[in-house]
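Chain letters run A, B, ... following the sequence lines, proteins first and then strands; every chain starts at 1.
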There are 2 protein chains.
Amino acid sequence: MAVPMSPKQKVYQEILQEIRKFIDHHDLKPGDKLPSERELADRLQAGRSSIREALRAMELLGLIETKHGEGTFISTYRPYQTVEILSSFILQGNGTKKDLLISKRIIEKECAKLAYKQLTEDDLQKMENLLTDSKMSDTERHTAFFTHLAVKTDNLLMQRIWQLMDEFSVTMPEQKLVDSFYVELVDIYKRNVYMEIENLFEKYTCS
Amino acid sequence: MAVPMSPKQKVYQEILQEIRKFIDHHDLKPGDKLPSERELADRLQAGRSSIREALRAMELLGLIETKHGEGTFISTYRPYQTVEILSSFILQGNGTKKDLLISKRIIEKECAKLAYKQLTEDDLQKMENLLTDSKMSDTERHTAFFTHLAVKTDNLLMQRIWQLMDEFSVTMPEQKLVDSFYVELVDIYKRNVYMEIENLFEKYTCS
DNA sequence: CACGCAAAGTGGTCAGACCACCCTTAACTT
DNA sequence: AAGTTAAGGGTGGTCTGACCACTTTGCGTG
């Protein structure tokens, strides 16, 4: 053969890369419109079916939204579909569940630490209000609590990682911690004792 | 109109449901073969392209594997592939370099802690050998060192997350730490003083 | 000016064609 | 007879073109 060719990556995977580049290059944000399937096919020198395979996959992952007769749009990342599909296929995860739980706790701990410096009095107040909000279930409260924390990390990547793990863990029990945990964490923030965050998680995690 | 019709669900989403039913009904397990695309199209009364859109989505989610010329197979569930795709989109921002660096250090720290219990004398020996291997660049040494550690975490998810971050950070400088760091870490393992891992990273990270 | 309907643009779906790849099998060579 | 090679059938990979359904646009008619 003459040309070794770039790795035998499938076309639709290259398309994924290209679309990512396109979004980056044009600085598209959630809500913005992508070129039409036909135009993408023309631009990327690929068949429309290949384009569609890539788009469907992205849609399933919640990265884009598609509106019949209108077009394809960047969506605010919501992996709800992903979670649903996955959980409908995986009834009983084996070692995956354990890994996920451990990893999630780790991320939560580090988010709590990263957020430490950024938290204001107002944040603390909001978080305390959350803890006494009786309209939420324990699970919802946990999610709301750490969502607030994750946002305050000032680290988008950590925030996204936590978000992703939280979405994936909805099907599992034991996501939340004992009530006293949250109270103690807020207390640590108030007392300004950074070093105790690590200990707090150690105490409540290794049960 | 006469028939309300099933909701305006797209064909490829119905296909997804049908395939799930098929797997369930035939009790297919990882490694088993799915019917060919053409047969599925025939059975489910759909076009082959619709079948493929569903299959590609499943493939991206890590639910199936396709082998050119052979067929489509149920795969052992690995959500980590999903994380990979998502990450490539999540990481496309600009301010993410700093985030990535911080996050990577965090993951490395936690990998070091998770691996603590699993490390054997032999592992320590190998790691020490790495540190004196002059055939590698500093960066390569860092990667090799933490690859070893990540594998030993006994947590596939953490392992994959670190791997991903490492791959993404190749384009960036300052991925490695000072030489003495690695030596001290191995020393901590030898001296069996778990608690000092946190301090070690604290010391070398907050520069 | 207001209304409505046709046209254009877009996603949704299908059918068929061709290629590349893998495996089996039959034919051929040694 | 045993080993090697060539051919065929099945499968995924991709492209093209066609048609439908939906939305928006805008032109023309009243």
B:Ser50, nearest nucleotide to its side chain (from D:dT24, C:dC14, C:dG12): C:dC14

Donor-acceptor pair, side chain of B:Thr143 and main chain of B:Thr139, under 3.5 angstrom: yes

Nucleotide nearest B:Arg52 (side chain, heavy atoms from C-beta), chosen from D:dT24, D:dG12, D:dC15: D:dG12

Integer-rounded Å distance: C:dT13 P and A:Ile51 CD1: 17 Å

Any B:Thr66 side-chain nitrogen or oxygen under 4.0 Å from OP1 or OP2 of D:dG13: yes

B:Ile74 vs B:Leu63 side-chain heavy atoms within contact, under 4.5 Å: no

B:Glu65 CD to D:dG12 P, straight-line distance once rounded to whole Å: 14 Å

Nearest-nucleotide comparison on DNA chain D, the residue closer to the 5′ end among B:Ser49 and B:Glu39: B:Glu39

Closest approach of B:Leu114 to A:Ile106 (non-hydrogen atoms, all atoms of both residues): CD1-CD1, 3.9 Å

Touch class at under 4.0 angstrom, heavy-atom based, for B:Ala46 against every strand present: sugar-phosphate

Beyond-backbone contact of A:Leu185 with A:Phe145, side-chain heavy atoms, under 4.5 angstrom: yes

Whole-Å distance separating the CD atom of B:Glu37 from the C1' atom of D:dG12: 5 Å

Euclidean distance, atom CZ of residue B:Phe73 to atom C1' of C:dC23 [Å, nearest integer]: 11 Å

Helix axis bend for the helix from C:dC1-D:dG30 to C:dT30-D:dA1 - C1'-based end axes, five pairs, 10° rounding: 30°

Check: B:Asp166 and B:Phe146 side chains under 4.5 Å, non-hydrogen atoms: no

Nearest-0.5 Å distance that lies between atom NZ in B:Lys113 and atom SG in B:Cys111: 11.5 Å

For atom CG of B:Leu34 and atom C1' of D:dG10, their distance in whole Å: 16 Å

Spacing of A:Glu70 atom CD relative to C:dG12 atom C1', expressed in whole Å: 15 Å

Selection from C:dA20, C:dG11, D:dC15 that lies nearest to any side-chain heavy atom of A:His68: C:dG11

Nearest-Å distance for atom pair CZ/C1', residues B:Arg56 and D:dG13: 9 Å

Distance-only donor-acceptor test (3.5 Å): side chain B:Arg38, base D:dG12: yes

Contact under 4.0 Å: B:Thr72 side-chain N or O vs D:dT11 OP1/OP2: no

side-chain N/O B:Arg48 vs C:dA15 OP1/OP2, d < 4.0 Å: no

